[in-house]
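Please read the structure below before turning to the comments.
Everything numeric here is computed off the predicted structure, so don't read it as measured data. Each residue takes its place number in the sequence, starting with 1. Both backbone and side-chain heavy atoms feed into the values below; hydrogens, waters and symmetry mates do not.
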Amino acid sequence: MHSYPDPALALAEQLNRAAAADPARAVSFQGAPGANSHIAALRHDPECLPMPCWSFADAIDAVRDGRADRAIIPIENSANGRVADIHFLLPESGLSITAEHFMPITHTLMAVGHGPFEAVFSHPQALGQCRHYLRERGIVPMEYADTAGAAAKVAQDRDPAVAAIAPPLAAKLYELDVIAEGIEDEHDNMTRFVILSRAPLDPAEIEGPAMTTFVFEVRNIPAALYKALGGFATNGVNMTKLESYQDGASFAATRFFCDIVGKPGDPAVDLALEELGFYSKNLRLLGCYPMGRERA
């Protein structure tokens, strides 16, 4: 909490007091009040009590410790790829994915004056999503922990040559001037969030299309990945995501993060996961949950 700029600190403390009084309604998120994750929490569950946290790890810990019922975490963006560290944090969290939420992202340039601007603060994802806009204007991107926190910092510092990129809500909360709206490079910009809970959903109770997310590491034998994934093809299971990442500094083992359409209990999914398990080690289900958006 002490790391927030002063304009965000009072708002964060107010929201956290409300969440602490009713943890069953609390949804933790990374960022200062006004961040995209704050907005996503309210859109996903308008009756929730958003609980701002400084880091993704803090938001996850709030759920593990029982201070929040759920966490909402951005996992990937259509323009800028996966969110850093999430693939490491999710398997280690001990929490389960119980829902997903898709939200269009629009970025607003805001400041205490109207420029010209030498630098702009924002989260690395937001800076990456606006890189062409910034390059064309010669504005130096400066990374900050989250978009709304960047807006609060600009409001606190009162430097007319420095701006922030954040959601429009942040300009309202921190009384900044809106300089330009919709500055993202791609206007079909979409972020996928996952909702994490202490207890997993029972796949049998999920009605309608479902998604299953898991991580695995293949055995160290020739063609292990090819063989491990063959069961999804032969059983007609749609794999919508497969990403690799290194686990540890030895570079000896690669882990894979995977989303499939379907759920355990479906015969085709069970057969595919059985074959995957034969050629893999450390197969871990991260959650089975209702599909939030149709996969074409």
- Query: What do the steps show when you test S197 against S96 for side chain to side chain donor-acceptor pair (under 3.5 Å), and what is the final call?
  - Reply: CA-CA 5 Å; S197 303; S96 296; over 6 Å; no
- Which heavy atom of Y133 sits nearest a heavy atom of R137, and at what distance? O-NH1, 3.0 Å
- Message: Strictly below 4.0 Å, N to O, side chains only: are D185 and R135 in salt-bridge contact?
- Response: no
- Item | Nearest heavy atoms of P50 and C48, plus distance in Å | CD-O, 3.4 Å
- Message: Applying a strict under-4.5 Å side-chain criterion to I, L, V, M, F, W and Y, I'd like to know whether L229 and F257 cluster together.
- Response: no
- Query: Is it true that the NZ or CZ of R255 lies under 6.0 Å from the centre of Y245's six-membered ring and within 45 degrees of the ring axis?
  - Reply: no
- Query: Would L273 end up clustered with Y289 when hydrophobic side chains under 4.5 Å apart are linked, directly or stepwise?
  - Reply: no
- Message: Applying a strict under-4.5 Å side-chain criterion to I, L, V, M, F, W and Y, I'd like to know whether L286 and I73 cluster together.
- Response: yes
- Task: Identify the two heavy atoms, one from A145 and one from Q30, that lie closest to each other, and give their separation to 0.1 Å.
- Result: O-NE2, 3.0 Å
- Partner set under salt bridge (Lys or Arg N to Asp or Glu O under 4.0 Å) for D270, not counting sequence neighbours: none
- Query: Are E76 and K241 close enough for a salt bridge, meaning some N to O gap below 4.0 Å?
  - Reply: yes
Give every donor-acceptor pair under 3.5 Å between a side-chain atom in residues 149-167 and any protein atom, sequence neighbours left out.
residue : atom : partner : partner atom : Å
K153    : NZ   : D157    : OD2          : 3.0
Q156    : OE1  : D6      : N            : 2.7
D159    : OD1  : A161    : N            : 3.0

- Check: P290 and L201 side chains under 4.5 Å, non-hydrogen atoms: yes
- Pairs involving residues 10-51, ordered by first then second residue, that meet ring-ring contact (aromatic ring centres under 6.0 Å, His included) (sequence neighbours left out): F29-H38, H44-H101
- Query: In terms of the angle between their ring planes, are F232 and F214 parallel, tilted or perpendicular, with boundaries placed at 30° and 60°?
  - Reply: parallel
- With side chain to side chain donor-acceptor pair (under 3.5 Å) as the test, would you mind laying out the steps for N77 and Q129 before giving the verdict? CA-CA 9 Å; N77 175 266; Q129 293 162 25; 3.3 Å; yes
- Message: If you compare all heavy atoms of A224 against all heavy atoms of V218, which two are closest, and at what distance to 0.1 Å?
- Response: CB-CB, 4.0 Å
- Shortest non-hydrogen contact from T147 to A126? CG2-CB, 3.8 Å
- Query: Should the pair R67-D61 be classified as a salt bridge under the 4.0 Å nitrogen-to-oxygen rule?
  - Reply: no
- Do V120 and F117 belong together in a cluster built from hydrophobic side chains that touch within less than 4.5 Å? yes
- Task: Determine the minimum heavy-atom distance between R295 and M291, stating which atoms define it.
- Result: NH1-CG, 3.7 Å
- Item | Side-chain heavy atoms of N36 within contact of P74, under 4.5 Å | no
